[in-house]
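Written below as structure tokens is the structure these notes are about.
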Amino acid sequence: MTDSLLEVRDLHVRFNTPRGVVRANNGINLGMNTGESLGIMGESGCGKTVLILSLMRLQQPGVIVGGSIWFDGREVTRLTQKEMQTVRGKGIALIPQNHSTALNPAYTVGEQLGETLGRRQGKTGLWQTLRAGTPGAGTRDYENLRHVLSGLGFNDESVLRRLLASYPHELSGGMGQRVLIAMALLLEPKLVIADEPTTALDRATRAETLELLGRLSADTTLMVVSHEVETLVCICNRVAVMYGGRVVESGVTGRVFSDPHHPYTRILLQSQHLIRGKPVSSAAVALDMVNFPPGCPFHPFCPEAVPACSREEPPETVFDSGSVACHLYNGSGTCSK
Ligand code: SF4
């Protein structure tokens with residue numbers, strides 16, 4: 001019996017724009033087992049946000065033009081939008097980047113967490129659930145809120161009550177982040193996706209959030225999207241590096257970061273000063289996702305390119321603990337020239 005929870009096979013997503021067709025996802029293969037924590041890493045524009053939106057079928061106006069996504073035994077790429085309502089939230093819950101844009105400024109934290117609980121119980125009308133207000137002390141819903149929020153550091157009853165009565169603009173960055181995490185956890189999802197969870201935070205709040213997500217990953221299936229190595233090292237046991245809408249390297253986090261096999265991974269890590277402590281500049285130049293180069297999309301910038309790189313797209317070589325898509329990778333854990 002397999003404990004596979006998520007399987008993305010050869011996923012292609014396109015956007016039609018006035019400039020032309022943007023190839024946001026170009027044959028993504030990815031899998032997750034229950035209990036794993038997987039980091040998705042890559043620079044802005046590499047297709048990681050489109051990927052997580054596609055998992056929830058929220059990638060519009062992008063169109064899934066090829067491949068499939070399987071989640072918890074169902075092919076979500078074939079489900080109707082109505083059927084997707086049973087996947088979003090209870091199946092896959094998203095922790096957005098920024099609480100100030102994700103929360104409704106007109107309602108208190110308690111009212112919005114109460115609405116989330118209503119959703120978990122199958123109430124679908126926004127007004128119906130928001131009108132119910134903050135769950136009253138002593139009710140089962142209040143105990144549920146208290147249980148989840150105390151796990152996120154709101155142990156003191158008076159602090160908890162103040163939080164529930166607060167409006168989003170009254171929250172600090174760290175408090176807002178924890179409210180978003182609470183919203184996701186209240187739904188008891190099978191997979192939690194955190195989208196750039198530390199990007200907009202100051203250093204102290206960032207450390208706090210990393211510690212929190214690290215603890216969460218111990219008993220939650222967690223996907224973390226980030227361009228920061230430190231974030232993924234702290235939280236994820238596996239990592240997938242994306243470039244040009246494709247996973248170019250994946251594997252156990254420690255191996256990928258200490259012994260990267262793909263030239264792009266090496267440059268990405270060097271740009272974050274993490275290889276042998278040497279500060280170097282990033283050679284990665286933004287790829288034009290409309291006028292996609294032939295062959296390996298990284299070849300115009302790759303310091304290790306060989307003639308075949310500009311002609312043939314490199315195949316994805318899968319091995320025990322990961323994969324590499326590069327002409328130089330010989331499948332034995334080393335690259336040859
Ligand atoms: Fe560089 Fe060629 Fe490998 Fe692409 S396939 S990363 S261009 S060596």
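Starting from 1, each residue takes its place in the sequence as its number. Counting starts at 1 for both ligands and their atoms, in listed order.
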Subject >> Path from Val8 to Leu53 over hydrophobic side-chain contacts below 4.5 Å >> reply: yes
Original post:
Distance only, no hydrogens: is a donor on one side chain within 3.5 Å (strictly under) of an acceptor on the other, for His99 and Gln177?
Top reply: no
Subject >> Number of protein N, O or S atoms [distance to atom 4 (Fe) of ligand 1 under 2.8 Å] >> reply: 1
Subject >> Salt-bridge contact Arg178-Glu208 (side-chain N to carboxylate O under 4.0 Å) >> reply: yes
**OP:** Return each pair, listed once, that meets side-chain hydrogen bond (donor to acceptor under 3.5 Å, both in side chains) where at least one residue sits in residues 305-314; pairs must be two or more places apart or across chains.
**Re:** Arg246-Glu313
**OP:** Among Ile, Leu, Val, Met, Phe, Trp and Tyr joined by side-chain contacts under 4.5 Å, find the other residues sharing a cluster with Val65 and list them by chain and number.
**Re:** Val63
**OP:** Only pairs at least two apart or in different chains count here, so list each side-chain hydrogen bond (donor to acceptor under 3.5 Å, both in side chains) that has a residue in residues 157-167.
**Re:** Tyr142-Glu157, Arg146-Glu157, Asp156-Ser158, Glu157-Arg161
